[in-house]
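Report on one structure; see the data block that follows.
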Amino acid sequence: MRKPLPLIGTPSASHPGGRSALTCRFRCGDACFQEVPNTTSNAYVGDVIAGAIGRRSMMRAAAAVTVVAAAGSATVAGARPATAATADSVAGSGARKKPGHGSRAARGLRFDAVAPNTADAVTIPDGYRQNVVVRWGDPILRGAPAFDPEKQTAASQAGQFGYNNDFLALLPVPGERHRQLLVANHEYTDEVLMFRGYDPENPTRQQVEVGWAAHGLGVVVVEEDRRTGALTAVPRHHLNRRVTATTEFRLTGPAAGSPLLRTSADPTGRKVLGTLNNCSGGTTPWGTTLHGEENFNQYFAHGTRATDKRYGLGTGATERKWERFDKRFDVGQEPNESHRFGYVVELDPYDPHSTPRKRTALGRFKHEGATVRLTDDGRPVVYTGDDERFDYFYKFVGSKRMKKGSSRAVREHNLSLLDEGTLYVARLTGDSPAIEIDGSGKLPADGEFDGSGEWIPLATATSRGAVSHVAGMSADEVFVFTRLAGDKVGATKMDRPEDIEPSPVTGKVYVALTNNTNRGVGANASADEANPRNANKHGHILELTEHRGRADSTRFGWSLFLVAGDPDDPSTYFAGFPKDAVSPISCPDNVAFDPHGNLWISTDGNQLGSHDGLFGVATRGERRGELKQFLTVPTGAETCGPLVQGRRVLVAVQHPGEIAGATVEKPASAWPDGPGKIVRPAVVAVWRKDGEDIGV
């Protein structure tokens with residue numbers, strides 16, 4: 001029986017990473033309360049960082065002042081445009097020194113940092129404006145009705161913007177000035193916040209079918225108002241599209257057609273209905289979008305096999321009880337259906353009638369996202385992390401070169417690029433003796449925080465077939481049970497590797513590791529040189545440098561770029577930048593780059609008593625490590641999908657009001673439409689009042 005939790009308050013310590021009980025239930029199926037799926041003795045990446053708080057940190061870090069979270073008034077952001085809470089409106093007299101003010105800051109980060117706060121609003125810097133671009137339930141397809149929370153149906157939801165927007169992409173719309181194509185992930189549904197009187201033990205078929213329609217992907221054209229700067233959705237545009245849990249997908253690549261993927265509904269093993277729990281993603285140089293299926297395990301009931309356990313499937317009923325209404329969600333009745341989820345999905349947003357594809361060559365696990373770069377000779381390289389405690393991160397190197405052009409033949413060729421190539425997993429090695437790593441963040445004798453790494457090949461797919469590089473596993477098994485392949489080759493255990501992004505300026509690769517409160521607890525692996533702290537509740541970011549700068553290299557160097565937390569905590573580190581001049585940050589999740597090469601970080605599960613937010617940090621030059629908070633999100637929300645263009649920042653405000661005990665009848669947030677209205681996840685745009693570029 002679940003222990004009752006308060007309706008509103010700071011994150012409960014019983015929920016790792018600061019997530020509320022609702023978040024744990026509906027996004028990842030209480031994953032942090034289950035046994036750690038990875039029980040191998042592989043090296044733990046935490047051990048690779050513990051030497052991380054290096055000599056540079058000790059020399060450059062200044063004495064920090066105490067951080068006092070500035071609790072703001074519960075300003076509610078309204079509708080189009082949303083009412084902004086600004087830095088001054090939430091900053092209390094006890095707020096720490098504002099970091100990197102004015103022209104002294106790195107280019108792109110010249111704004112007044114937002115103070116930590118608990119305002120029920122999207123809080124932005126002084127001199128900036130914001131508006132809600134599109135929210136859950138807004139009609140985007142022809143014939144879709146206006147949103148009515150009391151009259152939800154699957155048919156209406158399938159034509160409306162989906163629930164819990166996460167990853168965002170913006171692409172040009174040919175021939176239409178001031179318009180862009182917004183692509184969004186709809187990760188999961190919060191039924192208790194969607195339906196009045198929802199009974200979690202007895203959901204109705206209508207509620208379940210609305211949930212199916214609210215999952216998936218959304219494509220909607222957005223238009224800029226050149227007079228105000230606002231960005232708004234264009235309903236009924238011919239490019240607008242919804243992809244749901246019942247949309248037909250193609251399984252492609254080396255595992256397509258495998259007996260491991262065949263079901264009674266699809267004896268070919270090549271067609272699957274829907275995509276689930278799409279978290280982050282990426283855009284490709286050939287104009288498509290990638291979407292990572294993450295916590296798919298929570299949708300499948302009655303998993304009893306060892307492979308089910310390794311992937312986190314439960315042995316009993318699921319939270320949403322979908323298995324009552326479709327047998328494919330019951331592993332006991334359809335043992336292979338769960339094998340058809342956990343992939344990277346590729347979508348052609350310019351063709352509303354195209355069939356999305358699940359790319360088996362990129363492996364099956366809890367994909368946080370997928371980001372792409374090209375090798376020197378034009379082949380795709382895809383980085384992706386497995387968002388699980390003590391699991392791994394991966395790289396796929398394609399064997400076919402991208403073609404330039406817009407003809408149909410070129411398009412079809414480029415849509416095959418992610419089906420052939422080699423899948424690798426990362427192994428990291430530290431350069432300090434293990435005896436010097438005690439899990440407290442105390443630096444080793446060499447005062448350094450770096451090491452080397454190698455990409456271990458798992459399997460190679462070609463047009464003639466696939467070859468496994470893992471002893472005792474077939475190629476099909478490697479691509480379907482990729483976690484087990486990583487176990488066998490001794491991959492390095494990580495602290496929930498989430499978004500991975502290569503810098504378009506330097507080529508260095510940044511890995512967001514959100515947290516792992518289980519590190520060093522009980523029989524779990526303890527700290528090693530890649531992680532300075534046991535019971536790591538704040539997370540960190542690794543910086544990887546591919547050997548000779550080649551994206552297809554099988555070797556890399558790594559260093560610790562950022563160790564998150566309160567800057568007063570001696571275990572924190574900000575690339576050597578003085579710690580009295582940075583914003584506190586906790587639980588890095590999604591990352592992105594601005595045109596200046598700064599890394600922008602969104603957080604999920606802040607453990608410092610304030611709301612999650614979006615931060616920018618310089619990655620090079622004399623201000624490397626200068627980290628500043630740009631915005632915070634409302635009560636119970638997570639910051640997702642950051643996009644930083646020259647003149648605009650977009651964020652997906654996911655699961656606002658997701659606080660233990662909250663319901664439609666007892667909301668914990670009034671965002672975005674104000675008191676008396678149902679809480680709705682939404683996409684928000686932020687821009688400068690004067691129309692100039694962000695942070696310059």
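Fair warning: this is a prediction, and the values are worked out from it, not measured in the lab.
Side chains of Leu273 and Thr247 form no contact here, defined as non-hydrogen atoms less than 4.5 Å apart. The closest side-chain heavy-atom distance from Val382 to Val344 is not below 4.5 Å. Put simply, the side chain of Trp286 reaches to within 4.5 Å of the side chain of Pro380, judged on heavy atoms. The side-chain heavy atoms of Ser503 and Tyr510, taken from C-beta on, include a pair separated by under 4.5 Å. Counting heavy atoms from C-beta on, the side chains of His469 and Thr460 come closer than 4.5 Å. By the 4.5 Å heavy-atom criterion applied to side chains, Arg379 and Lys400 are not counted as neighbours. The side-chain heavy atoms of Ser338 and Arg305, taken from C-beta on, include a pair separated by under 4.5 Å. A 4.5 Å side-chain heavy-atom check between Val683 and Leu650 finds at least one atom pair inside the cut-off.
You'll find the ring centres of Trp136 and Phe161 outside the 6.0 Å limit. Between Phe556 and Trp455, the distance from one ring center to the other falls under 6.0 angstrom. You'll find the ring centres of Tyr392 and Phe365 outside the 6.0 Å limit.
One side chain, Asn590 or Glu368, offers a donor N or O that lies under 3.5 Å from an acceptor on the other. Side-chain atoms of Asp476 and Ser474 include no donor-acceptor pair closer than 3.5 Å. For the residue pair Asp348/Ser354, the side-chain donor-acceptor check at 3.5 Å is not satisfied. A donor-acceptor pair shorter than 3.5 Å can be found between the side chains of Arg373 and Tyr383. No hydrogens or angles considered: a donor-acceptor pair under 3.5 Å links the side chains of Asp419 and Thr252. A donor-acceptor contact under 3.5 angstrom links the side chains of Arg320 and Gln298, judged on distance only. Defined by atom type and a distance below 3.5 Å, a donor-acceptor pair is missing between the side-chain atoms of Glu209 and Gln152. No hydrogens or angles considered: a donor-acceptor pair under 3.5 Å links the side chains of Asn185 and His291. No side-chain donor from either of Glu223 and Thr232 sits under 3.5 Å from a side-chain acceptor of the other.
Between the side chain of Asn164 and the main chain of His655, a donor-acceptor pair closer than 3.5 Å is present. When atom types are taken as modelled, the side chain of Thr288 and the backbone of Thr284 share no donor-acceptor pair closer than 3.5 angstrom. In this structure, the side chain of Asp387 does not engage the main chain of His367 through any donor-acceptor pair within 3.5 Å. Using a distance-only test at 3.5 Å, with no hydrogens or angles considered, no donor-acceptor pair links the side chain of Thr639 to the main chain of Ser602. Although no hydrogens or angles enter the test, the distance criterion places a donor-acceptor pair under 3.5 Å between the side chain of Arg242 and the main chain of Gln160. Judged purely by atom type and a 3.5 angstrom limit, His237 has no side-chain atom pairing as donor or acceptor with the backbone of Ala233. With Asn240 contributing its side chain and Val221 its backbone, the two residues share a donor-acceptor pair below 3.5 Å. A donor-acceptor distance shorter than 3.5 angstrom exists from the side chain of Arg427 to the backbone of Gly490, with no hydrogens or angles considered. The closest donor-acceptor contact from the side chain of Ser553 to the backbone of Arg550 lies at 3.5 Å or more, if one exists at all. At distances below 3.5 Å, not a single donor-acceptor pair connects side-chain atoms of Asp308 with backbone N or O atoms of Gly303.
Residues passing the side chain to side chain donor-acceptor pair (under 3.5 Å) test with Thr462, sequence neighbours excluded: none.
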- request: Would you check, one step at a time, whether the test side-chain contact (heavy atoms from CB on, under 4.5 Å) holds for Val345 with Leu290?
  value: CA-CA 5 Å; Val345 170; Leu290 303 180; over 6 Å; no

task: Check step by step if side chain to side chain donor-acceptor pair (under 3.5 Å) holds for Thr514 and Glu498.
output: CA-CA 7 Å; Thr514 296; Glu498 298 219 33; 2.6 Å; yes

query: Should Met194 and Val210 be marked as a side-chain contact (heavy atoms from CB on, under 4.5 Å) after you check the CA-CA gap, both sets of side-chain angles, and the distance that decides it?
result: CA-CA 10 Å; Met194 295 170 65; Val210 169; 4.2 Å; yes

Audit row: Glu388, Arg496, side-chain contact (heavy atoms from CB on, under 4.5 Å) steps and yes/no: CA-CA 5 Å; Glu388 186 76 75; Arg496 287 186 55 209; 5.7 Å; no

task: Give the C-alpha distance, both sets of side-chain angles, the deciding distance and a yes or no for side-chain contact (heavy atoms from CB on, under 4.5 Å) between Asp190 and Tyr163.
output: CA-CA 8 Å; Asp190 275 303; Tyr163 199 83; 3.5 Å; yes

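None of Ile601, Val651, Val686 except one satisfies the side chain to side chain contact (heavy atoms under 4.5 Å, CB included) rule with Leu614; the exception is Val651. The residue from Arg364, Lys366, Arg483, Arg310 that alone fulfils the salt bridge (charged side-chain N to carboxylate O under 4.0 Å, His left out) condition with Asp386 is Arg483. Shown are Arg328, Glu323, His215; of these, the side-chain hydrogen bond (donor to acceptor under 3.5 Å, both in side chains) with Tyr299 is made only by His215. Checking Asn165, Leu276, Asn277 one by one against Glu187, the side chain to side chain contact (heavy atoms under 4.5 Å, CB included) holds for a single residue, Asn277.
Taking both residues in full, the closest heavy atoms of Ala652 and Leu168 are given as N-CD1, 3.7 Å, listed atom of the first, atom of the second, then distance. Contact detail for Gly486 and Leu458: the closest heavy-atom pair is N-CD2, 4.4 Å. Of all heavy-atom pairs spanning Ala154 and Ala213, the tightest one is O-CB, 3.6 Å. Contact between Gly216 and Thr275 at its shortest, heavy atoms only, is CA-CG2, 3.9 Å. The two residues Ala475 and Ser468 make their nearest non-hydrogen contact at N-CB, 3.6 Å. The shortest non-hydrogen separation linking Val425 to Ala491 is CG2-CB, 3.5 Å.
Both the sub-6.0 Å distance and the 45° axial angle are satisfied by Lys358 relative to the ring of Phe249.
Arg236 CZ: 12 or fewer foreign heavy atoms inside a 6.0 Å radius. Residue Arg411 qualifies as enclosed at atom CZ: its count of foreign heavy atoms under 6.0 Å is above 12.
Atom CZ of Phe593 sits about 13.5 Å away from atom CG of Leu643, to the nearest 0.5 Å.
Relative orientation of the Phe329 and Phe300 rings is tilted, given thresholds of 30° and 60° on the angle between their planes. Between Trp322 and Trp212, the angle of the ring planes goes over 60°, which puts this pair in the perpendicular group of the 30/60° scheme. Aromatic ring pairs are classed by plane angle as parallel below 30°, tilted from 30° to 60° and perpendicular above 60°; the pair His339 and Phe481 is perpendicular.
By the 4.0 Å N-to-carboxylate-O rule, Lys327 lies too far from Asp330 to be salt-bridged with it. With respect to the salt-bridge test (charged N to carboxylate O, under 4.0 angstrom), the residues Arg179 and Glu224 do not qualify. Here Arg340 pairs with Asp266 in a salt bridge; the nearest charged N to carboxylate O distance falls below 4.0 Å. Taking 4.0 Å as the cut-off between side-chain N and carboxylate O, Glu346 and Arg250 do not count as a salt-bridged pair.
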